[in-house]
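One-based numbering along the sequence shown. Read the numbers this way: they start at 1 and go in the same order the structure lists the ligands and their atoms.
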Amino acid sequence: MVSFNIFFCPLCFSNPVARSDPDLVLARSSVCGIHTLASEPFFGQSVLLPLLCLWRSHQCPKALGGMFRNVAAIYLHLAGLFQRKKAGTSLTRCMHQTFAMAKRLQARRLDGIDHNPWVEFGKMASEYDVVNLGQGFPDFPPPNFAIQAFQLALNSDFMLNQYTKAFGYPPLTKILASFFGKLLGQEIVPLKNVLVTVGAYGALFTAFQALVDEGDEVIIMEPFFDCYEPMTLMAGGRPVFVTLKPSPTQDGELDSASSWQLDPTELASKFTSRTKALILNTPNNPVGKVFSKAELELVASLCQQHDVICISDEVYQWLVYDGHQHISIASLPGMWERTLTIGSAGKSFSATGWKVGWALGPDSLLKHLRTVHQNTVYHCPTQGQAAVAQSFQHEQLHFGQPSSYFVQLPQAVRRYRDHMIRSLQSVGLRPVVPQGSYFLIADISDFKTQMPDLPGDADEPYDSRFVKWMIRNKGLAAIPVSVFYSTPHRKQFDHYVRFCFVKVKDGGLEGREDLRKLPVAHWCCGEGGVGLTCVGAGRVHAPGHGREAAEVEG
Ligand SMILES: Cc1ncc(COP(=O)(O)O)c(C=O)c1O
């Protein structure tokens, strides 16, 4: 419904604060009696408001535009009203409903963030018969020990059906403290340094709300997990972007996520006296980059120099390949005191639906997260936490050994990655080999050259049009990489799409013979094309093959 916030109240308008931000005065309408009256649904908006508009336009001809908008808005209300009346509703009821809805409903903190790519592409994928390689979750089950732990949590102590401690089920905070204490080289105190949250999403949201204030700047490295920007904005902060840029590879060489780098000078230039936090994501979603020790040291030294908090999203920490090593920035000298380390049981144990996450950090930071947590969700579901506690106990016993899930999972998933790389290459896409995570991005520049005019709005990034085209015509869903960029940079990076390679149930790409008809496959390989099932030594996935990853427990 159209709202009237374009209207300048004559009284407020003569006030210098209102002049600089009339919306502000409108938002706090108690400041102004006329506003309060004018926002009143019936008399205010249909009688007083138009009169005031007329008065304003007489005072200042520039206000005419606003007046026309208001008149158009009122017209829309009335048109809607009479249309509903025709449907047989009583006029009084229609009028009440129409004018009651005229109030602005959406809180201003949601302005500009109400469009979500997951909803849009998820909905579209559900409307077609597709292999969905878009969303980030495995289609194989969690390890047996984790499933059994959940079953035990359901069937054993009935008190696990009740609330537990607000900041985490004690056996879980205890095992997280001892497990990650060793990795981070810290004495972690369960009650002070651990907060259990509703997934890593919950930890991120709590962190932004607790630490980012109005006007604070937050440095975000793009491409970024898409919620960082809206979470910054909802907290009143200002996102400041710094872009990872791919360096060119030698002809014939596969692109690698490691060649996506930050320019140290550019990164340093983003820190100002207003910078409150930097968000780091390693292994990174969507590129699959694992930050090297040298890169982390650079970030760490800038954070220390400028007294900045580091929010480190490490949900894919166990999914690292080819001998690369995940390093937690909190383990670097001087960083524990200013870092929040965020993790996810969903990603760790292939159980994203459990939605158990955590934030680890010094009490000086965590106490503020606890304040947000206790005033928002307060408790997380107890049984899921109990299952995660047991699963970590299992992992602690097997740590570093071949029987550890955290050792077996990346070995299994690397094979899926390699298989997908070959499949994508065979249809003319150019995959960027990820060092970690379960995503890879593929370069679609050749398609962009071959078929520049895919359907869609002219200002819609190419990769987004490409994904829609692929869903409709090829039965394959993925995510356009431009959604992981800030708006000004989207067009520069609109020639990549992201695939999730832990989708093995239907053979992933294996089953998609029709993909051979992708134009670039013809263009690259001739009419015969290169089959999807035979490239390299890739093992053919039979249905149910995914159980391999699920049964990796020792
Ligand atoms: C980088 C990153 N952080 C956090 C999350 C959210 O994790 P969770 O499912 O535990 O909320 C995701 C999920 O895709 C992610 O990719």
Under 4.5 Å between any side-chain heavy atoms of [X] and [Y], yes or no?
X      : Y      : answer
Gln148 : Gln390 : no
Ser301 : Glu297 : no
Phe406 : Ser348 : yes
Val407 : Gln401 : no

Go through ligand 1 atom by atom and flag the ones less than 4.0 Å from a non-hydrogen atom of [X].
X      : value
Lys347 : 12 (C), 13 (C), 14 (O)
Ser344 : 8 (P), 10 (O)
Gly199 : 10 (O), 11 (O)

Hey, is ligand 1 close enough to [X] that some N/O pair sits below 3.5 Å?
X      : result
Tyr228 : no
Asn281 : no
Val356 : no

Closest approach of Leu298 to Leu267 (non-hydrogen atoms, all atoms of both residues):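 Scanning both residues completely, I find the closest heavy atoms to be CD2-CD2, 4.0 Å.
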Are Asp494 and Lys448 close enough for a salt bridge, meaning some N to O gap below 4.0 Å?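 Salt bridge flag = yes for Lys448 with Asp494.
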Going by an N to O cut-off under 4.0 Å, is there a salt bridge joining Lys289 and Glu295?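 A salt bridge links Lys289 with Glu295.
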By the definition ring pair (Phe, Tyr, Trp, His ring centres under 6.0 Å), identify the one residue from Tyr416, Phe501, Tyr316, Phe484 that meets it with Phe439.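 Only one of Tyr416, Phe501, Tyr316, Phe484 forms a ring pair (Phe, Tyr, Trp, His ring centres under 6.0 Å) with Phe439, namely Tyr316.
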Would you please determine whether Tyr316 falls within less than 4.0 Å of ligand 1 on a heavy-atom basis?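 Yes.
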Strictly under 4.0 Å, does any heavy atom of Asp313 approach an atom of ligand 1?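 It does; at least one heavy atom falls under 4.0 Å.
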Heavy-atom pairs closer than 4.0 Å: do any link ligand 1 to the side chain of Tyr201, the backbone, both, or neither?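 Tyr201 to ligand 1: contacts from backbone and side chain alike.
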At what distance is the nearest protein heavy atom to [atom], and which residue and atom is it?
atom                    : result
atom 7 (O) of ligand 1  : Ala200 CB, 3.5 Å
atom 12 (C) of ligand 1 : Phe225 CZ, 3.3 Å
atom 11 (O) of ligand 1 : Lys355 NZ, 2.6 Å

